[in-house]
Amino acid sequence: MTQTSPILELQRQRMLLEIEYFTEKEAFRRQTETMGLQRIIKRGDAWFPLRVGKSYYNSLNQLVIEVHRQSVSDDDIDIEHNFEFGKPVVFFTANIQQPSTNAQHSSASIRLSYFNFTGTVSYVDGDRMVVTVPDSAPLLELQNSERQVGVALFFDETSYKTMFDALDRVMKAKSGRLAYLRDLFYSSTATPQTYSFAPMQFPWLNPTQERAVNEVLRAKDLMVVHGPPGTGKTTTLVEAIYETLHRESQVLVCAQSNMAVDWISEQLVDRGVNVLRIGNPTRVNDKMLSFTYERRFEAHPDYEMLWAIRKAIRDLRSHKKRGSENWHQKMDRLKSRATELEIRINAQLFGEARVIACTLVGSANRLLEGMKFNTLFIDEAAQALEAACWIPIRRVSRVVLAGDHCQLPPTVKSLAALKAGLGRTLMERLVENHPNAVSLLQVQYRMNDDIMRFSSDWFYGGRVQSAPQIRHRSILDYDIPIEWVDTQQLSISSPTGGGREGAHEQFIGETFGRINTVEAELTISTLHNYLAKIGKSRILEERIDVGIISPYRAQVQLLRRLIRRDAALKPFRHLLSVNTVDGFQGQERDVIIISLVRSNDEGQIGFLRDLRRMNVAITRARMKLIIIGDSLTITQHPFYRKLYEYVQALKLED
């Protein structure tokens, strides 16, 4: 096996990242220029119309403005938005070019005018969002606009710049830990170093979890915790962090998404660990907010004095007297005092924290400037681009990655960059180059064994086993754990030769997605039938929850509308959730129903070919999995053919 030079490989990564950067930038430009407003809203990339609320300076001395989403129609309620902490946004006004009786104006009748500044999402809570804006932003114009105002996601230039900078630093490193880790990660012949000591006992963990924690503690350079669905990856990782903190004063914990950072932070706080969360959480509640940097900062005893000084600085700026020497002296004194207080507060907050938690890109935050850590833990590492992982790695001596490269991959929008290998993660590279530094968790606690078995055989070489206590779990006696409801009989060839009739897919818009209306109705009818089998009182008493998954966002929105309009489902709505595969990552339900959507004469299955996503979908169910799809279209792919045959064999066994 020929060794690739780490520098050449990193240069290649940078080139592919540039392709992705320009692809996404061009797609954003095209979207803003040609895509109708309603399309952008339906994709979850814009809120319109907005009610613009108050503006004020937050505890970090940033000017912020509150905005509230207003629904024009019932369909808007079903739209899941993509706004989250740290994402750049732009405000716009919409000019109606021609009168329309329809509230949902056509794209031809609306012209967007963008405000000449960008903001950053500070946090989102339901239909309320707080946006950080520059001090020079024309807020009065925004608040008093006679036209309807909206907000849209902007192209995220900063994240790309941060990733490019990280790759450049890694390539330039001549010596030290960063150069050492770079050369180790790209070599299949070098061996990661380990300490040697007797294994510690953790009776509350299973043997594979216990081994993983011990291997993390022994690792000098590198460790990968590979956690298939339901195997307790988070439990293991929390234990490994907790034990590491007996040996180190502070660790850095990162993940690709804010949601993943929130989850691991919450688990650590429940263990009594002092976590300092850089950035705001996706779920805004008192428990989550209590360990954020911003909330801790404003709770500090010195904050009141700092706030008063900052206010005095702002007042002084607005009443500046030209040429006044006294003004400059006053300003210098106030600024010096404010800086001194800010340094003191930060020193205390960071000195007390045992875990600093943030996203991978968030680890470039100015608050962490100059900070070094012995250990970095990266959760959900298989969902992160390699370039993003290098951002925090430059601050540390050793790296522990946790995740599952057989589940959700990173999002790559350029097909050329994807085919050339941009989607290959650092975790995949390390699993391939250093298999001895990988610890596989092998006991799963989520699924009935029949549901788990197919995934274990296909993705994990049959090495994942079910814990005895959940092996035969089910809701109903003599129930088959997996069913495939075939829409094939509803999708027969038209006698006139005009293609398929019945449960066939429809394409909605150039970049929006696909729906299958007949399959959606069949999904709701299948849901009704299964709920009736269980019985209403039992469902409500035992809180039996159901997840409906579709790979296509348009189908998800259609299913949500059907559920909302179905009076018979009203008592169960709090137990029903409908989302894309990505939306269900890390979650589980008693019952999962999957609507596959694809049904066509050509056997085209689109991104259902990404089997890692389907691995996520079929492993969310604890006790019952129902797959709904056109077997003739879907089973032309060997994975789905094998899955279909597996389900049919279970039915025959029963």
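We use all heavy atoms of the structure for the numbers below, so side chains are in, but hydrogens, waters and symmetry mates are not.
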Short side-chain donor-acceptor distance under 3.5 Å, [Y] and [X]:
X	Y	value
Q444	S466	yes
N206	Y445	yes
Q488	S631	no
R398	T375	yes

Any sub-3.5 Å donor-acceptor pair from [X]'s side-chain atoms to [Y]'s backbone N or O?
X	Y	result
T208	Q442	yes
W484	G629	yes
S455	M452	no
R395	S363	yes
R620	Q587	yes
K413	Y21	no
R641	T635	yes
Y640	L608	yes
D590	D545	yes
K87	N82	yes

- Start with the C-alpha gap between L596 and D630, add the side-chain angles, then the distance that decides, and say whether side-chain contact (heavy atoms from CB on, under 4.5 Å) holds. CA-CA 8 Å; L596 294 174; D630 175 0; over 6 Å; no

Identify the two heavy atoms, one from [X] and one from [Y], that lie closest to each other, and give their separation to 0.1 Å.
X	Y	answer
S456	V464	OG-O, 3.0 Å
G362	L368	O-CD1, 4.4 Å
I593	I628	CG2-CD1, 3.7 Å
L217	M200	CD1-SD, 3.9 Å
T292	P281	CG2-CD, 3.5 Å
V556	S550	CG2-O, 3.8 Å

Can you check whether [X] reaches [Y] side chain to side chain, under 4.5 Å on heavy atoms?
X	Y	answer
I549	V616	no
T359	F85	no
L222	L181	no
I393	L426	yes
L184	P192	yes
M427	I378	no
I563	I548	yes
I627	L643	yes

Do NZ/NE/NH1/NH2 and the carboxylate oxygens of [X] and [Y] come within less than 4.0 Å?
X	Y	answer
K233	E380	yes
E215	R218	no
E432	R424	yes
D582	R553	no
K624	E483	yes
R612	D404	no

- Message: Taking NZ in K220 as the centre, count heavy atoms belonging to other residues, nucleotides or ligands within less than 6.0 Å. Is the count above 12?
- Response: yes

- Step through the shown structure and confirm whether more than 12 heavy atoms of other residues, nucleotides or ligands are within 6.0 Å of OH on Y242. no

- Item | Counterpart residues, salt bridge (Lys or Arg N to Asp or Glu O under 4.0 Å), relative to D449 (two or more places apart) | R453

Sequence neighbours excluded, which residues qualify as side chain to side chain donor-acceptor pair (under 3.5 Å) partners of [X]?
X	result
E20	none
Y530	D479
N374	E248
S159	D156

For residues [X] and [Y], establish whether the separation of their ring centroids is below 6.0 Å.
X	Y	answer
Y160	F22	no
Y552	F507	no
F185	W390	yes

- Query: Which is it for L527 and L576 under the side-chain contact (heavy atoms from CB on, under 4.5 Å) test, yes or no, and what are the steps along the way?
  - Reply: CA-CA 10 Å; L527 172 65; L576 299 176; 4.1 Å; yes

Pairwise distance [atom1]([X]) to [atom2]([Y]) - rounded to 0.5 angstrom:
X	Y	atom1	atom2	result
I451	L625	CD1	CG	5.5 Å
L558	R514	CG	CZ	15.5 Å
D379	I241	CG	CD1	7.5 Å
M288	W263	CE	CH2	9.5 Å
L430	S188	CG	OG	12.0 Å
L531	I475	CG	CD1	9.0 Å

- Message: Between R609 and F639, is the side-chain contact (heavy atoms from CB on, under 4.5 Å) condition met? List the steps.
- Response: CA-CA 9 Å; R609 283 194 302 270; F639 170 85; over 6 Å; no

- Go through the steps for N436 and T191 under the test side-chain contact (heavy atoms from CB on, under 4.5 Å), then give the verdict. CA-CA 9 Å; N436 292 339; T191 306; over 6 Å; no

- Message: Considering only residues two or more places apart or on different chains, which pairs with a residue in residues 396-438 satisfy ring pair (Phe, Tyr, Trp, His ring centres under 6.0 Å)?
- Response: H226-H405

- Just one of Q267, R271, Q209 clears the side-chain hydrogen bond (donor to acceptor under 3.5 Å, both in side chains) bar with E239, so which one? R271

